[in-house]
Amino acid sequence: MFNSHSQKNPLSYEGTYACPICRCGQISSLTLMEALGCDVCHHIFTINLEKQSLKMADREPALMWHWTGKTWKGEHLGNLELSWIYWIIALSFVLFPPSLIGLSALIFPPISGSVWSWFPLAWTILSFLVHLLILLWLMAEAYQFPVLLFIRTQCQRLVNPRRGNS
Ligand SMILES: [Zn+2]
């Protein structure tokens with residue numbers, strides 16, 4: 001699968017590839033430079049022809065991708081393969097606090113008809129959403145997924161579907 005000799009579309013400075021950062025731009029070689037640039041997020045990349053890998057040049061620690069002939073495979077994700085134990089931790093992180101709050105509200109129910117009787121339910125939902133948000137943010141950080149950049153480029157696409165006029 002990663003054998004560079006059997007690739008039909010090898011990684012080279014002459015080619016054009018989908019941007020692995022914003023996932024909607026195209027990266028192609030910059031004039032007079034041994035580097036590639038994205039037309040949407042404007043990040044700079046360098047190529048290792050021998051290893052068929054792409055390196056993000058303007059960021060530390062540098063991100064690396066391996067070119068499979070069709071898509072990018074994040075080298076930095078290698079040791080981040082999520083095993084089931086992480087999923088259990090993540091799930092309990094999201095579900096445990098709200099269920100604790102919900103349970104305590106069940107055991108000690110608020111006085112019915114009181115102004116604050118809605119509070120335990122709202123608090124349970126809020127705590128669930130907050131923990132879910134923290135988890136999603138952590139995952140975005142771990143996978144180096146540029147959330148803000150992605151949202152921005154998607155917005156630009158909505159406003160101006162014919163990209164490249166800028
Ligand atoms: Zn890009």
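In listed order, ligands and their atoms are each counted from 1.
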ring-ring contact (aromatic ring centres under 6.0 Å, His included) involving F96 - partner list, sequence neighbours excluded: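 Partners of F96 under the ring-ring contact (aromatic ring centres under 6.0 Å, His included) test: none.
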
The Zn ion (ligand 1) and [X]: any N/O/S contact shorter than 2.8 Å?
X	result
C19	yes
C24	no
C38	yes

Are Y17 and C38 packed together at the side-chain level, in the sense that at least one heavy-atom pair is separated by less than 4.5 angstrom? no

Minimum-distance pair of heavy atoms, taken over all atoms of S29 and Y13: CB-O, 3.0 Å

What class does the angle between the rings of H43 and F45 fall in, given that below 30° is parallel, 30 to 60° is tilted and above 60° is perpendicular? perpendicular

